[in-house]
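In what follows, a single structure is set out as structure tokens and then discussed.
We name chains A, B, ... by the order of the sequence lines, and we start the count at 1 in each one. Just so you know, these numbers use all the heavy atoms, side chains as well, and skip hydrogens, waters and symmetry mates.
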Protein chains: 4
Amino acid sequence: MTTEERVREAAVRLFAERGFHGTGIRDLAQAAGLSSATLYHYMGTKEDLLVEIMRTSLTELIGKAEQITGDETDRLVSLVKMHVRAHAEKPRETAVVDGEMRALTGERREEIVALRDRYERFWQDAIDDGVKARKLTVADPSVARLALLEMCSGVSRWYSPDGPVNLSDLTIQYGAMALGMLGAAR
Amino acid sequence: MTTEERVREAAVRLFAERGFHGTGIRDLAQAAGLSSATLYHYMGTKEDLLVEIMRTSLTELIGKAEQITGDETDRLVSLVKMHVRAHAEKPRETAVVDGEMRALTGERREEIVALRDRYERFWQDAIDDGVKARKLTVADPSVARLALLEMCSGVSRWYSPDGPVNLSDLTIQYGAMALGMLGAAR
Amino acid sequence: MTTEERVREAAVRLFAERGFHGTGIRDLAQAAGLSSATLYHYMGTKEDLLVEIMRTSLTELIGKAEQITGDETDRLVSLVKMHVRAHAEKPRETAVVDGEMRALTGERREEIVALRDRYERFWQDAIDDGVKARKLTVADPSVARLALLEMCSGVSRWYSPDGPVNLSDLTIQYGAMALGMLGAAR
Amino acid sequence: MTTEERVREAAVRLFAERGFHGTGIRDLAQAAGLSSATLYHYMGTKEDLLVEIMRTSLTELIGKAEQITGDETDRLVSLVKMHVRAHAEKPRETAVVDGEMRALTGERREEIVALRDRYERFWQDAIDDGVKARKLTVADPSVARLALLEMCSGVSRWYSPDGPVNLSDLTIQYGAMALGMLGAAR
DNA sequence: CATGAATGAGAGTTCATTCAT
DNA sequence: TATGAATGAACTCTCATTCAT
């Protein structure tokens with residue numbers, strides 16, 4: 001593992017555990033096994049590091065979302081499964097993406113918000129298409145999207161690979177819950 | 001409005017907007033219209049303030065949960081509606097409760113975690129009872145509780161009273177989605 | 001003497017002795033008898049402090065220049081005497097003004113440069129008027145202004161009130177040298 | 001141009017523009033087209049570099065001063081012309097010599113101060129001789145030397161070869177001003 | 001009740017310099 | 001010759017908090 005990777009990993013862990021503002025440069029350096037001055041060999045500013053973590057994570061999600069095909073409900077279930085799996089497998093990265101956006105400022109914030117919006121577009125489209133095709137029954141598609149995303153993203157806040165729940169089972173269960181809450185025709 | 005209340009209100013707003021660690025004492029003082037020294041006449045430490053906000057909010061939720069009665073599904077729907085309404089009406093308080101627990105340390109943390117656990121117990125019981133009574137069908141009741149809570153708590157992150165969604169409608173929609181995702185018998 | 005004044009005085013002394021970039025905040029604090037944190041009670045940034053020193057000094061010079069009247073050569077001699085006296089009496093302030101302008105950035109720089117230009121205008125006018133009135137003989141009035149100003153400002157770099165040279169004599173001598181170098185009719 | 005020369009040139013430029021303390025090693029390296037580590041193959045410490053620049057410049061001035069001969073006023077005018085030419089042709093080197101002496105410490109400072117004093121001796125002698133020979137009339141020869149030197153050294157602070165002033169004309173004008181300010185017999 | 005003054009500790013970041021490769 | 005990596009010390013500045021008035 002390169003030093004860059006170790007820095008990134010330390011940052012992901014600490015940002016997830018303590019938040020961006022709750023993590024000091026010296027904490028980061030210690031977690032990465034470097035002096036705080038050396039840290040700056042491998043990164044720009046602390047905010048750069050945060051942006052990079054978010055960009056990578058969101059770009060990956062978008063990449064996976066783009067590959068999803070199928071009929072309306074299939075796509076929705078696939079999105080849910082993919083998203084839940086990502087949040088269970090990389091809980092720290094995803095928690096940082098979901099929770100630290102407010103720490104960004106200016107253009108960097110806009111960039112990341114744009115990526116997030118682009119990702120959420122896949123969900124909105126899947127829901128809208130499902131409703132149009134009369135396969136889903138929701139009162140308000142936008143509210144449904146938000147509720148569904150919150151439910152699925154929450155996984156990163158509690159799932160543990162060492163716990164009793166098998167990840168594949170988890171994705172299946174979430175797929176079923178998603179269909180249920182969206183009133184999928186049985 | 002008393003000065004104490006103004007301080008509390010400022011804290012709630014800033015903690016919600018910027019996070020506990022992202023909010024400085026001087027920010028707080030300015031938002032409350034006081035000097036930072038005067039602030040300390042109306043509060044203990046910054047962490048005290050956070051604890052107090054969380055305690056109040058959680059205690060209120062617990063109080064309301066205690067008053068909920070009815071059969072298994074009724075209780076669940078009532079919980080959902082109450083929770084969603086609380087998160088829509090007091091998005092900042094609830095967002096702080098849900099998002100800043102990690103900023104607490106030591107005993108204070110334990111106290112608040114205990115309150116939260118006590119509150120979530122109502123949800124777990126409602127789900128478990130529903131399952132026992134064969135009115136709900138879920139693969140894993142614990143997972144269901146977590147998914148449901150994340151979905152409902154997420155409301156504080158996006159709901160705006162000025163937006164197009166009526167709050168009563170919202171609670172109804174969330175009640176329906178909750179039943180759907182938990183496989184309620186129709 | 002107020003604390004603010006002590007801070008200012010320390011800054012003037014250190015900036016003059018070591019330069020702006022050669023003076024640390026801790027040096028400043030120590031020289032003012034404060035902790036570095038307390039220092040920030042009495043000033044904005046280090047650059048603010050520099051700007052304020054320069055602005056005060058230049059404004060004073062301009063104020064004095066405005067009061068000078070008389071015929072062409074009288075005005076020139078008066079300018080020289082006033083300038084030399086100011087540079088001998090406040091060698092540190094004036095040395096900072098003359099030597100640290102490059103440490104300023106952005107708008108602050110523009111403001112101070114504008115003040116300096118406004119001050120130098122008095123000199124240029126006096127020389128130009130003297131030439132027009134055929135009381136001075138210079139090859140290039142702009143060059144003459146620059147040479148004269150450098151000569152006079154240099155006083156702050158070497159004059160000491162404890163030295164053998166009397167200040168009134170000094171101003172007279174500089175007045176004479178000025179007339180001589182500008183080819184004043186005898 | 002050798003790498004050593006490029007380093008020196010970059011240093012001269014940056015020290016002149018931003019001052020010694022305002023110039024970082026990385027700035028220097030970048031300006032020389034090297035990495036900061038490589039820089040250390042071509043120089044000692046940052047202070048060594050400064051000393052070397054000053055020593056070279058002052059030694060050159062001394063060398064030229066030594067070659068000046070003639071009667072009292074001729075020598076003075078020649079000194080002025082030579083000095084002005086040097087300051088116009090190498091404004092950065094001379095500005096560093098004149099402005100960054102305070103950045104030196106300990107023995108290095110003494111060495112450079114000694115060189116400067118040696119150089120200024122030529123000026124003092126020329127003035128003193130002129131006065132003795134009744135060709136110059138000054139109130140205080142030491143003051144005259146300081147005033148004259150400041151006037152002439154100031155050239156490096158404003159002269160530009162691209163500007164409207166021809167260099168030979170400039171030296172002539174300064175020669176004339178020098179004689180004027182020193183009350184030379186006509 | 002209110003606050004200006006004060007501070008040790010720590011924030012993020014850069015410093016000049018060294019050294020193994 | 002060249003440099004990426006490394007660092008202790010220092011940088012400017014802000015932190016949460018206390019206290020005398």
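At least one side-chain heavy atom of A/Glu5 sits less than 4.5 Å from a side-chain heavy atom of A/Thr2. The shortest side-chain heavy-atom distance between B/His87 and B/Asp98 falls under the 4.5 Å cut-off.
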* Would you mind building the protein contact string for nucleotides 13-21 of chain E? One character per nucleotide, 5' to 3', B for base within reach (heavy atoms under 4.0 Å), S for sugar-phosphate only, - for untouched. => BB-BBBB--
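Between C/Gln30 atom CD and E/dA6 atom P there is a gap of 17 Å when expressed in whole angstrom units. Going from atom CG of C/Leu49 over to atom C1' of F/dT12 covers 13 Å, rounded to whole Å. Here E/dG4 presents its C1' atom at 7 Å from OH of C/Tyr42, a figure rounded to the nearest Å. Here the P atom of nucleotide F/dT3 and the CG atom of D/Leu28 are 15 Å apart, to the nearest Å.
When all heavy atoms are compared, the tightest approach of D/Ala103 to D/His21 is CB-NE2, 4.1 Å.
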* Asked: Taking only Watson-Crick and G-U wobble pairs with both distances under 3.5 Å, what dot-bracket line describes DNA chain E, where [ ] shows pairs that cross earlier ones and | shows pairs with another strand?
  -> .||||||||||||||||||||
Which side-chain N or O atoms in residues 24-34 of chain B pair as donor and acceptor under 3.5 Å with protein atoms at least two apart or in another chain?
{"residue": "B/Asp27", "atom": "OD2", "partner": "B/Arg18", "partner atom": "NH1", "Å": "3.4"}
{"residue": "B/Asp27", "atom": "OD2", "partner": "B/Gly24", "partner atom": "N", "Å": "2.9"}

Which atom pairs, donor and acceptor, lie under 3.5 Å between side-chain atoms of residues 7-15 of chain D and protein residues at least two apart or in another chain?
{"residue": "D/Arg8", "atom": "NH1", "partner": "D/Glu52", "partner atom": "OE1", "Å": "3.4"}
{"residue": "D/Arg8", "atom": "NH1", "partner": "D/Thr56", "partner atom": "OG1", "Å": "3.3"}

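Of the charged side-chain nitrogens involved, at least one lies within less than 4.0 Å of a carboxylate oxygen, so that A/Glu60 and A/Lys90 count as a salt-bridged pair.
Judged as a salt bridge (Lys or Arg N to Asp or Glu O under 4.0 Å), not a single pair has a partner in residues 28-38 of chain C (not counting sequence neighbours).
With sequence neighbours excluded, the residues forming a salt bridge (Lys or Arg N to Asp or Glu O under 4.0 Å) with C/Glu111 are C/Arg55, listed by chain and number.
Both C/Thr3 and B/Leu39 lie near DNA chain E, and the one whose nearest nucleotide falls closer to the 5' end is B/Leu39.
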